[in-house]
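Reviewing the structure listed below.
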There are 2 protein chains.
Amino acid sequence: MFNQFRSKFPLSEEKWNQYMGYFNRIEVPAKTTLLEEGEISKKLFVIEKGCIRVWFNHNGKDLTSQFFFENQSVASIESFMKKFPSPVFVETIEPSVLWWIHKNDVDTIIEEIKEIPELRDRLIDMLFQRTFDYMKHFFSFIKDSPAQRYQSLIEEKPQIVQRVPQHYIASYLGVSTVHLSRIKSKLLREK
Amino acid sequence: MFNQFRSKFPLSEEKWNQYMGYFNRIEVPAKTTLLEEGEISKKLFVIEKGCIRVWFNHNGKDLTSQFFFENQSVASIESFMKKFPSPVFVETIEPSVLWWIHKNDVDTIIEEIKEIPELRDRLIDMLFQRTFDYMKHFFSFIKDSPAQRYQSLIEEKPQIVQRVPQHYIASYLGVSTVHLSRIKSKLLREK
DNA sequence: GCCAGACGATAACATTTGTTATCAAATGAA
DNA sequence: TTCATTTGATAACAAATGTTATCGTCTGGC
(Lines give C-alpha, C1' and ligand atoms only; values in the text may rest on other atoms or scores of the structure.)
Protein backbone atom coordinates (compact mmCIF):
# COMPACT_ATOMS: atom_id res chain seq x y z
CA MET A 1 0.00 0.00 0.00
CA PHE A 2 2.53 2.60 1.08
CA ASN A 3 5.52 1.49 -0.96
CA GLN A 4 4.38 3.63 -3.87
CA PHE A 5 5.17 6.67 -1.67
CA ARG A 6 8.49 5.38 -0.34
CA SER A 7 10.67 7.38 -2.72
CA LYS A 8 9.01 10.65 -1.74
CA PHE A 9 10.25 10.55 1.83
CA PRO A 10 13.91 11.09 2.68
CA LEU A 11 13.82 8.72 5.67
CA SER A 12 16.13 5.97 6.76
CA GLU A 13 14.96 2.42 6.20
CA GLU A 14 14.53 2.05 9.97
CA LYS A 15 12.38 5.17 10.36
CA TRP A 16 10.30 4.23 7.37
CA ASN A 17 9.67 0.75 8.73
CA GLN A 18 8.92 2.15 12.19
CA TYR A 19 6.33 4.51 10.74
CA MET A 20 4.79 1.82 8.55
CA GLY A 21 4.47 -0.39 11.61
CA TYR A 22 2.07 2.14 13.11
CA PHE A 23 -0.57 1.40 10.46
CA ASN A 24 -3.34 -1.18 10.77
CA ARG A 25 -5.25 -2.63 7.84
CA ILE A 26 -9.02 -3.17 8.07
CA GLU A 27 -11.77 -4.13 5.67
CA VAL A 28 -15.22 -2.70 6.28
CA PRO A 29 -18.60 -2.90 4.52
CA ALA A 30 -20.43 0.05 3.01
CA LYS A 31 -22.14 2.47 5.40
CA THR A 32 -19.74 1.73 8.24
CA THR A 33 -19.42 4.61 10.69
CA LEU A 34 -15.75 5.28 11.41
CA LEU A 35 -16.31 8.26 13.68
CA GLU A 36 -19.45 9.44 15.48
CA GLU A 37 -20.46 13.04 15.97
CA GLY A 38 -19.41 14.15 19.46
CA GLU A 39 -16.61 11.62 19.66
CA ILE A 40 -12.98 12.76 19.86
CA SER A 41 -11.13 11.57 16.79
CA LYS A 42 -8.20 9.26 17.58
CA LYS A 43 -7.65 7.63 14.20
CA LEU A 44 -6.46 8.89 10.86
CA PHE A 45 -7.54 6.72 7.93
CA VAL A 46 -5.86 6.19 4.58
CA ILE A 47 -7.99 4.66 1.85
CA GLU A 48 -6.51 1.74 -0.08
CA LYS A 49 -9.80 0.93 -1.78
CA GLY A 50 -13.26 2.41 -1.45
CA CYS A 51 -14.76 5.76 -0.62
CA ILE A 52 -15.74 7.77 2.43
CA ARG A 53 -17.93 10.75 3.18
CA VAL A 54 -17.92 13.27 6.02
CA TRP A 55 -21.36 14.47 7.02
CA PHE A 56 -23.31 16.11 9.80
CA ASN A 57 -26.88 16.31 10.97
CA HIS A 58 -28.61 19.69 10.79
CA ASN A 59 -32.24 19.89 11.86
CA GLY A 60 -32.76 16.27 10.97
CA LYS A 61 -31.13 16.60 7.56
CA ASP A 62 -28.14 14.59 6.45
CA LEU A 63 -25.63 17.07 5.00
CA THR A 64 -22.43 15.86 3.35
CA SER A 65 -19.40 18.17 3.42
CA GLN A 66 -16.60 16.08 1.93
CA PHE A 67 -15.80 12.98 -0.12
CA PHE A 68 -12.59 10.93 -0.11
CA PHE A 69 -11.24 8.23 -2.42
CA GLU A 70 -8.23 5.95 -2.87
CA ASN A 71 -4.89 7.19 -1.47
CA GLN A 72 -6.44 10.09 0.40
CA SER A 73 -6.24 10.44 4.17
CA VAL A 74 -9.37 11.13 6.17
CA ALA A 75 -10.20 12.40 9.64
CA SER A 76 -12.45 14.89 11.31
CA ILE A 77 -9.51 17.20 11.00
CA GLU A 78 -10.38 19.73 13.71
CA SER A 79 -11.26 16.99 16.19
CA PHE A 80 -8.16 14.99 15.35
CA MET A 81 -5.75 17.91 15.64
CA LYS A 82 -7.25 19.72 18.61
CA LYS A 83 -9.05 16.97 20.52
CA PHE A 84 -12.42 18.65 20.15
CA PRO A 85 -15.62 16.60 20.01
CA SER A 86 -16.15 15.97 16.33
CA PRO A 87 -18.88 18.06 14.68
CA VAL A 88 -19.18 15.42 11.94
CA PHE A 89 -19.65 11.75 11.20
CA VAL A 90 -17.16 9.83 9.07
CA GLU A 91 -18.71 6.96 7.12
CA THR A 92 -17.82 4.61 4.27
CA ILE A 93 -19.91 4.79 1.13
CA GLU A 94 -18.54 1.68 -0.57
CA PRO A 95 -17.08 -1.47 0.98
CA SER A 96 -13.55 -0.30 1.75
CA VAL A 97 -10.02 -1.34 2.58
CA LEU A 98 -8.50 1.13 5.01
CA TRP A 99 -5.29 1.67 6.94
CA TRP A 100 -5.54 3.54 10.20
CA ILE A 101 -2.97 5.05 12.51
CA HIS A 102 -3.48 6.25 16.09
CA LYS A 103 -3.19 9.95 16.85
CA ASN A 104 -0.36 9.36 19.31
CA ASP A 105 1.70 7.84 16.53
CA VAL A 106 0.84 10.66 14.14
CA ASP A 107 2.00 13.13 16.78
CA THR A 108 5.27 11.25 17.09
CA ILE A 109 5.79 11.31 13.34
CA ILE A 110 4.93 15.01 13.03
CA GLU A 111 7.29 15.97 15.85
CA GLU A 112 10.11 14.13 14.12
CA ILE A 113 9.20 15.34 10.65
CA LYS A 114 9.29 18.97 11.75
CA GLU A 115 13.04 18.64 12.20
CA ILE A 116 13.53 17.55 8.59
CA PRO A 117 13.33 20.77 6.57
CA GLU A 118 12.13 19.15 3.38
CA LEU A 119 9.30 17.29 5.04
CA ARG A 120 8.39 20.16 7.32
CA ASP A 121 8.04 22.43 4.29
CA ARG A 122 5.94 19.81 2.58
CA LEU A 123 3.64 19.72 5.61
CA ILE A 124 3.25 23.49 5.54
CA ASP A 125 2.60 23.37 1.79
CA MET A 126 -0.12 20.79 2.34
CA LEU A 127 -1.82 23.04 4.87
CA PHE A 128 -1.71 25.95 2.45
CA GLN A 129 -3.03 23.80 -0.33
CA ARG A 130 -5.93 22.63 1.75
CA THR A 131 -6.81 26.21 2.59
CA PHE A 132 -6.74 27.09 -1.10
CA ASP A 133 -9.05 24.20 -1.87
CA TYR A 134 -11.58 25.37 0.68
CA MET A 135 -11.33 28.95 -0.61
CA LYS A 136 -12.06 27.74 -4.12
CA HIS A 137 -15.06 25.73 -2.96
CA PHE A 138 -16.36 28.72 -1.00
CA PHE A 139 -15.89 31.02 -4.01
CA SER A 140 -18.10 28.73 -6.08
CA PHE A 141 -20.97 29.38 -3.68
CA ILE A 142 -20.85 33.14 -4.20
CA LYS A 143 -20.22 33.11 -7.93
CA ASP A 144 -21.96 30.06 -9.40
CA SER A 145 -25.49 28.72 -9.60
CA PRO A 146 -26.08 25.15 -8.38
CA ALA A 147 -26.20 24.00 -12.02
CA GLN A 148 -22.77 25.54 -12.63
CA ARG A 149 -21.40 23.96 -9.45
CA TYR A 150 -22.62 20.59 -10.69
CA GLN A 151 -20.92 21.16 -14.05
CA SER A 152 -17.65 21.99 -12.30
CA LEU A 153 -17.97 18.85 -10.23
CA ILE A 154 -18.31 16.73 -13.36
CA GLU A 155 -15.22 18.35 -14.84
CA GLU A 156 -13.03 18.62 -11.77
CA LYS A 157 -14.07 15.72 -9.56
CA PRO A 158 -15.64 13.14 -11.87
CA GLN A 159 -15.10 10.41 -9.27
CA ILE A 160 -17.71 12.01 -7.06
CA VAL A 161 -20.35 12.05 -9.78
CA GLN A 162 -19.54 8.52 -10.85
CA ARG A 163 -19.26 6.74 -7.52
CA VAL A 164 -21.36 8.66 -4.99
CA PRO A 165 -25.16 8.30 -4.58
CA GLN A 166 -26.86 11.40 -5.85
CA HIS A 167 -28.60 12.43 -2.65
CA TYR A 168 -25.21 12.82 -0.96
CA ILE A 169 -23.99 15.02 -3.81
CA ALA A 170 -27.07 17.22 -3.51
CA SER A 171 -26.27 18.47 -0.01
CA TYR A 172 -22.59 18.83 -0.93
CA LEU A 173 -23.71 21.27 -3.64
CA GLY A 174 -26.15 22.96 -1.29
CA VAL A 175 -29.38 21.95 -3.07
CA SER A 176 -32.28 19.56 -2.49
CA THR A 177 -32.25 16.11 -4.07
CA VAL A 178 -35.20 17.07 -6.22
CA HIS A 179 -33.43 20.08 -7.60
CA LEU A 180 -30.25 18.17 -8.37
CA SER A 181 -32.36 15.69 -10.29
CA ARG A 182 -33.86 18.61 -12.24
CA ILE A 183 -30.38 19.97 -13.00
CA LYS A 184 -29.32 16.60 -14.39
CA SER A 185 -32.37 16.14 -16.58
CA LYS A 186 -32.02 19.67 -17.93
CA LEU A 187 -28.39 18.98 -18.83
CA LEU A 188 -29.46 15.84 -20.69
CA ARG A 189 -32.22 17.63 -22.58
CA GLU A 190 -29.84 20.38 -23.68
CA LYS A 191 -27.34 17.96 -25.21
CA MET B 1 1.95 49.80 16.09
CA PHE B 2 3.76 46.53 16.60
CA ASN B 3 4.96 47.00 20.17
CA GLN B 4 1.72 45.53 21.46
CA PHE B 5 2.86 42.20 19.98
CA ARG B 6 6.48 42.39 21.17
CA SER B 7 6.01 40.16 24.20
CA LYS B 8 4.53 37.37 22.08
CA PHE B 9 7.72 36.77 20.12
CA PRO B 10 10.77 35.18 21.71
CA LEU B 11 13.20 37.15 19.59
CA SER B 12 16.33 39.06 20.48
CA GLU B 13 16.10 42.82 20.51
CA GLU B 14 18.27 42.91 17.38
CA LYS B 15 16.12 40.48 15.41
CA TRP B 16 12.95 42.26 16.49
CA ASN B 17 14.31 45.61 15.39
CA GLN B 18 15.56 44.15 12.13
CA TYR B 19 12.10 42.73 11.35
CA MET B 20 10.35 45.93 12.35
CA GLY B 21 12.63 47.83 10.01
CA TYR B 22 11.16 45.91 7.08
CA PHE B 23 7.76 47.59 7.54
CA ASN B 24 6.65 50.79 5.81
CA ARG B 25 3.80 52.98 7.00
CA ILE B 26 1.35 54.48 4.50
CA GLU B 27 -1.91 56.37 4.72
CA VAL B 28 -4.42 55.88 1.91
CA PRO B 29 -7.94 57.16 1.18
CA ALA B 30 -11.02 54.96 0.90
CA LYS B 31 -11.40 52.86 -2.25
CA THR B 32 -7.67 52.67 -2.86
CA THR B 33 -6.67 49.59 -4.85
CA LEU B 34 -3.73 47.88 -3.14
CA LEU B 35 -3.51 44.96 -5.56
CA GLU B 36 -4.99 44.52 -9.03
CA GLU B 37 -6.38 41.29 -10.39
CA GLY B 38 -3.72 39.59 -12.54
CA GLU B 39 -0.87 41.24 -10.69
CA ILE B 40 1.59 39.15 -8.66
CA SER B 41 1.31 40.10 -5.01
CA LYS B 42 4.56 41.43 -3.54
CA LYS B 43 3.28 43.17 -0.43
CA LEU B 44 1.70 41.97 2.76
CA PHE B 45 -0.34 44.63 4.56
CA VAL B 46 -1.08 45.00 8.25
CA ILE B 47 -3.94 47.32 9.16
CA GLU B 48 -3.29 49.90 11.87
CA LYS B 49 -6.55 51.72 11.18
CA GLY B 50 -9.25 51.19 8.63
CA CYS B 51 -10.71 48.32 6.71
CA ILE B 52 -10.06 46.37 3.53
CA ARG B 53 -11.97 44.02 1.28
CA VAL B 54 -10.87 41.35 -1.16
CA TRP B 55 -13.07 41.02 -4.23
CA PHE B 56 -13.18 39.72 -7.76
CA ASN B 57 -15.11 40.39 -10.92
CA HIS B 58 -17.39 37.64 -12.20
CA ASN B 59 -19.43 38.32 -15.34
CA GLY B 60 -19.38 42.02 -14.61
CA LYS B 61 -20.43 41.58 -10.99
CA ASP B 62 -18.40 42.81 -8.05
CA LEU B 63 -18.16 39.89 -5.60
CA THR B 64 -16.55 40.34 -2.19
CA SER B 65 -14.91 37.30 -0.58
CA GLN B 66 -13.24 38.70 2.56
CA PHE B 67 -13.11 41.64 4.94
CA PHE B 68 -10.22 42.73 7.15
CA PHE B 69 -9.95 45.17 10.06
CA GLU B 70 -7.44 46.59 12.53
CA ASN B 71 -4.46 44.37 13.42
CA GLN B 72 -5.18 41.84 10.71
CA SER B 73 -2.75 41.08 7.90
CA VAL B 74 -3.96 41.07 4.33
CA ALA B 75 -2.73 39.75 1.01
CA SER B 76 -3.99 37.80 -1.94
CA ILE B 77 -2.67 34.82 -0.09
CA GLU B 78 -2.27 32.38 -2.97
CA SER B 79 -0.62 35.00 -5.16
CA PHE B 80 1.65 36.15 -2.37
CA MET B 81 2.79 32.67 -1.35
CA LYS B 82 3.09 31.07 -4.78
CA LYS B 83 3.73 34.02 -7.10
CA PHE B 84 0.58 33.33 -9.10
CA PRO B 85 -1.27 36.18 -10.82
CA SER B 86 -3.82 37.29 -8.24
CA PRO B 87 -7.40 36.18 -8.90
CA VAL B 88 -8.65 39.04 -6.73
CA PHE B 89 -8.46 42.76 -6.09
CA VAL B 90 -7.47 44.13 -2.68
CA GLU B 91 -9.04 47.49 -1.87
CA THR B 92 -9.55 49.77 1.11
CA ILE B 93 -13.11 50.46 2.20
CA GLU B 94 -12.33 53.24 4.70
CA PRO B 95 -9.44 55.72 4.73
CA SER B 96 -6.71 53.56 6.23
CA VAL B 97 -3.34 53.54 7.92
CA LEU B 98 -1.36 50.52 6.76
CA TRP B 99 2.04 48.96 7.25
CA TRP B 100 3.39 46.91 4.37
CA ILE B 101 6.33 44.56 4.08
CA HIS B 102 7.88 43.17 0.89
CA LYS B 103 7.56 39.48 0.12
CA ASN B 104 11.36 39.05 0.08
CA ASP B 105 11.49 40.21 3.67
CA VAL B 106 8.59 37.98 4.68
CA ASP B 107 10.44 35.03 3.15
CA THR B 108 13.52 35.92 5.16
CA ILE B 109 11.52 36.09 8.37
CA ILE B 110 9.70 32.82 7.71
CA GLU B 111 12.93 30.97 6.93
CA GLU B 112 14.38 32.15 10.22
CA ILE B 113 11.19 31.57 12.20
CA LYS B 114 10.97 27.97 11.03
CA GLU B 115 14.08 27.23 13.09
CA ILE B 116 12.45 28.49 16.29
CA PRO B 117 10.15 25.65 17.42
CA GLU B 118 7.70 27.86 19.27
CA LEU B 119 7.20 30.25 16.38
CA ARG B 120 7.19 27.52 13.78
CA ASP B 121 4.42 25.74 15.64
CA ARG B 122 2.51 28.99 15.89
CA LEU B 123 2.79 29.41 12.12
CA ILE B 124 1.44 25.91 11.56
CA ASP B 125 -1.37 26.57 14.03
CA MET B 126 -2.30 29.73 12.16
CA LEU B 127 -2.53 27.79 8.92
CA PHE B 128 -4.78 25.20 10.56
CA GLN B 129 -6.92 27.88 12.07
CA ARG B 130 -7.40 29.60 8.75
CA THR B 131 -8.47 26.32 7.20
CA PHE B 132 -11.00 25.80 9.99
CA ASP B 133 -12.38 29.28 9.41
CA TYR B 134 -12.92 28.59 5.74
CA MET B 135 -14.51 25.23 6.54
CA LYS B 136 -16.94 26.91 8.88
CA HIS B 137 -17.85 29.52 6.31
CA PHE B 138 -18.38 26.82 3.70
CA PHE B 139 -20.55 24.80 6.08
CA SER B 140 -22.84 27.79 6.51
CA PHE B 141 -23.59 27.71 2.78
CA ILE B 142 -24.85 24.14 2.88
CA LYS B 143 -26.75 24.35 6.16
CA ASP B 144 -28.12 27.89 6.50
CA SER B 145 -30.43 30.15 4.56
CA PRO B 146 -29.12 33.60 3.61
CA ALA B 147 -31.17 35.09 6.45
CA GLN B 148 -29.48 32.75 8.93
CA ARG B 149 -26.06 33.57 7.51
CA TYR B 150 -26.80 37.24 8.03
CA GLN B 151 -27.84 36.57 11.64
CA SER B 152 -24.58 34.70 12.26
CA LEU B 153 -22.66 37.60 10.77
CA ILE B 154 -24.31 40.03 13.18
CA GLU B 155 -23.42 37.78 16.10
CA GLU B 156 -19.96 36.62 15.09
CA LYS B 157 -18.53 39.46 13.05
CA PRO B 158 -20.43 42.59 14.08
CA GLN B 159 -17.67 44.80 12.69
CA ILE B 160 -18.60 43.75 9.19
CA VAL B 161 -22.26 44.69 9.61
CA GLN B 162 -21.38 47.97 11.31
CA ARG B 163 -18.61 49.27 9.08
CA VAL B 164 -19.07 47.75 5.64
CA PRO B 165 -21.47 49.09 2.97
CA GLN B 166 -24.36 46.71 2.56
CA HIS B 167 -23.88 45.87 -1.09
CA TYR B 168 -20.45 44.43 -0.32
CA ILE B 169 -21.94 42.26 2.42
CA ALA B 170 -24.59 40.95 0.03
CA SER B 171 -22.15 39.20 -2.28
CA TYR B 172 -20.16 37.95 0.70
CA LEU B 173 -23.34 36.18 1.84
CA GLY B 174 -24.10 35.01 -1.67
CA VAL B 175 -27.29 37.04 -2.23
CA SER B 176 -28.38 40.05 -4.25
CA THR B 177 -28.42 43.52 -2.68
CA VAL B 178 -32.18 43.62 -2.97
CA HIS B 179 -32.57 40.39 -1.11
CA LEU B 180 -30.23 41.41 1.69
CA SER B 181 -32.30 44.55 2.08
CA ARG B 182 -35.41 42.36 2.35
CA ILE B 183 -33.74 40.18 4.98
CA LYS B 184 -32.92 43.25 7.06
CA SER B 185 -36.39 44.74 6.88
CA LYS B 186 -37.95 41.38 7.77
CA LEU B 187 -35.68 41.16 10.83
CA LEU B 188 -36.80 44.62 11.89
CA ARG B 189 -40.48 43.85 11.41
CA GLU B 190 -40.20 40.67 13.48
CA LYS B 191 -38.69 42.43 16.48
C1' DG C 1 -36.71 -15.92 -6.44
C1' DC C 2 -38.66 -12.67 -3.27
C1' DC C 3 -39.03 -8.70 -0.58
C1' DA C 4 -37.80 -4.52 1.95
C1' DG C 5 -35.23 -0.68 1.62
C1' DA C 6 -32.44 2.51 -1.04
C1' DC C 7 -32.26 5.37 -4.86
C1' DG C 8 -33.78 8.48 -8.29
C1' DA C 9 -37.28 10.77 -11.55
C1' DT C 10 -41.19 13.61 -11.90
C1' DA C 11 -45.34 16.50 -11.00
C1' DA C 12 -47.75 20.12 -8.48
C1' DC C 13 -47.51 23.57 -5.66
C1' DA C 14 -45.27 26.89 -2.21
C1' DT C 15 -41.56 29.74 -1.09
C1' DT C 16 -37.36 31.99 -1.83
C1' DT C 17 -34.47 34.71 -4.44
C1' DG C 18 -33.12 37.46 -8.53
C1' DT C 19 -33.98 41.36 -11.85
C1' DT C 20 -35.24 45.74 -13.18
C1' DA C 21 -36.86 50.05 -12.17
C1' DT C 22 -37.75 53.95 -9.21
C1' DC C 23 -37.16 56.88 -5.37
C1' DA C 24 -35.07 58.93 -1.22
C1' DA C 25 -31.41 59.78 1.82
C1' DA C 26 -26.62 60.28 2.76
C1' DT C 27 -22.11 61.55 1.29
C1' DG C 28 -18.27 63.75 -0.76
C1' DA C 29 -15.98 66.94 -3.81
C1' DA C 30 -15.76 71.54 -5.91
C1' DT D 1 -23.68 75.56 -0.59
C1' DT D 2 -24.58 72.67 -4.71
C1' DC D 3 -24.49 68.83 -7.47
C1' DA D 4 -23.17 64.26 -8.78
C1' DT D 5 -22.36 59.87 -6.83
C1' DT D 6 -23.08 56.34 -3.63
C1' DT D 7 -25.96 53.79 -0.87
C1' DG D 8 -30.10 51.52 0.40
C1' DA D 9 -35.25 50.68 0.46
C1' DT D 10 -39.17 49.07 -2.01
C1' DA D 11 -42.45 47.36 -5.58
C1' DA D 12 -43.61 44.31 -9.37
C1' DC D 13 -42.61 40.66 -11.78
C1' DA D 14 -39.72 36.56 -13.33
C1' DA D 15 -36.93 32.72 -12.34
C1' DA D 16 -34.91 29.48 -9.29
C1' DT D 17 -35.36 26.36 -5.67
C1' DG D 18 -37.70 23.80 -1.90
C1' DT D 19 -41.44 20.60 -0.25
C1' DT D 20 -44.35 16.86 -0.43
C1' DA D 21 -46.08 13.07 -2.63
C1' DT D 22 -46.05 9.31 -5.92
C1' DC D 23 -44.03 5.96 -8.76
C1' DG D 24 -40.60 2.84 -10.84
C1' DT D 25 -36.19 0.64 -10.67
C1' DC D 26 -32.52 -1.43 -8.64
C1' DT D 27 -30.07 -3.93 -5.12
C1' DG D 28 -28.69 -6.76 -1.25
C1' DG D 29 -29.92 -10.15 2.00
C1' DC D 30 -32.57 -14.17 3.02
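These numbers come from a predicted model, not from an experiment. Below, chain A is the first sequence line, B the second, and so on; all start at residue 1.
The residue B:Ser185 sits close only to the backbone: its heavy atoms come under 4.0 Å of sugar-phosphate atoms, none of a base.
Sequence order on DNA chain D of the closest nucleotides to A:Arg182 and B:Val178 puts B:Val178 first from the 5' end.
Between A:Glu78 and B:Lys136, no side-chain nitrogen of the basic residue sits less than 4.0 Å from a carboxylate oxygen of the acidic one, so the salt-bridge criterion is not met. Under a 4.0 Å N-O distance rule, the pair B:Glu27/B:Lys49 does not qualify as a salt bridge. Between B:Arg53 and B:Glu94 there is no salt bridge, since none of the side-chain N atoms of the basic residue sits less than 4.0 Å from a carboxylate O of the acidic one.
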* Footprint string (nucleotides 25-30 of chain D, 5' to 3'): B base within contact, S backbone only, - free, heavy atoms under 4.0 Å -> ------
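With sequence neighbours excluded, no residue forms a side chain to side chain contact (heavy atoms under 4.5 Å, CB included) with A:Ser7. Residues passing the side chain to side chain donor-acceptor pair (under 3.5 Å) test with B:Gln66, sequence neighbours excluded: B:Tyr134. Residues satisfying the ring pair (Phe, Tyr, Trp, His ring centres under 6.0 Å) test with A:Phe56, not counting sequence neighbours, are B:Phe139. In this structure A:His179 satisfies the ring pair (Phe, Tyr, Trp, His ring centres under 6.0 Å) test with no other residue, sequence neighbours excluded. For A:Ser73, the side chain to side chain contact (heavy atoms under 4.5 Å, CB included) test picks out A:Leu44, A:Val46, with sequence neighbours left out.
At distances below 3.5 Å, at least one donor-acceptor pair connects side-chain atoms of B:Ser185 with backbone N or O atoms of B:Arg182. In this structure a side-chain-to-backbone donor-acceptor pair under 3.5 Å is present from B:Gln72 to B:Phe69. Remark: the backbone N or O of B:Pro29 is paired with a side-chain donor or acceptor of B:Thr92 at under 3.5 angstrom. Panel note: side chain B:Ser171, backbone B:Thr64; a donor-acceptor pair is recorded below 3.5 Å.
Between A:Trp99 and the choices A:Tyr19, A:Phe2, A:Phe5, the ring pair (Phe, Tyr, Trp, His ring centres under 6.0 Å) rule is met once, by A:Phe2.
From one end of the helix from C:dG1-D:dC30 to C:dA30-D:dT1 to the other, with five pairs defining each end axis, the axis direction shifts by 60° (rounded to 10°).
Atom NZ of B:Lys186 is separated from atom C1' of D:dT10 by 16 Å (rounded to the nearest Å). The separation between B:Leu187 atom CG and D:dA9 atom P is 12 Å, rounded to whole Å. As a whole-Å value, the separation of B:Ile183 CD1 from D:dG8 P is 14 Å. Atom P of nucleotide D:dG8 and atom CG of B:Leu173 are separated by 13 Å, given to the nearest angstrom.
A 6.0 Å sphere centred on NZ of B:Lys82 holds more than 12 heavy atoms belonging to other residues, nucleotides or ligands.
Here the range on DNA chain C touched by chain B, meaning any atom under 4.0 Å from one of its heavy atoms, is C:dT17 to C:dT20.
Non-hydrogen atoms lying under 4.0 Å from DNA chain D are contributed by B:Pro165, B:Gln166, B:His167, all within residues 151-171 of chain B. Only A:Pro146, listed by number, bring a heavy atom of residues 138-148 of chain A to less than 4.0 angstrom from any atom of DNA chain D. Heavy-atom distances under 4.0 Å link DNA chain C to no residue of residues 49-57 of chain A.
Remark: aromatic rings of A:His137 and A:Tyr172 are close, center separation under 6.0 Å.
Sorted by first and then second residue, the side-chain hydrogen bond (donor to acceptor under 3.5 Å, both in side chains) pairs with a member in residues 33-42 of chain B form an empty list; sequence neighbours excluded.
Side chains of B:Lys157 and B:Gln162: a donor-acceptor N/O pair is absent below 3.5 angstrom, by distance only.
In this structure, B:Lys103 satisfies the cation-pi test against B:Phe80, with its NZ or CZ atom closer than 6.0 Å to the six-membered ring centre and inside 45 degrees of the ring normal.
Regarding contacts with the backbone of D:dG8, every side-chain N or O of B:Lys184 stays at 4.0 angstrom or more from both OP1 and OP2.
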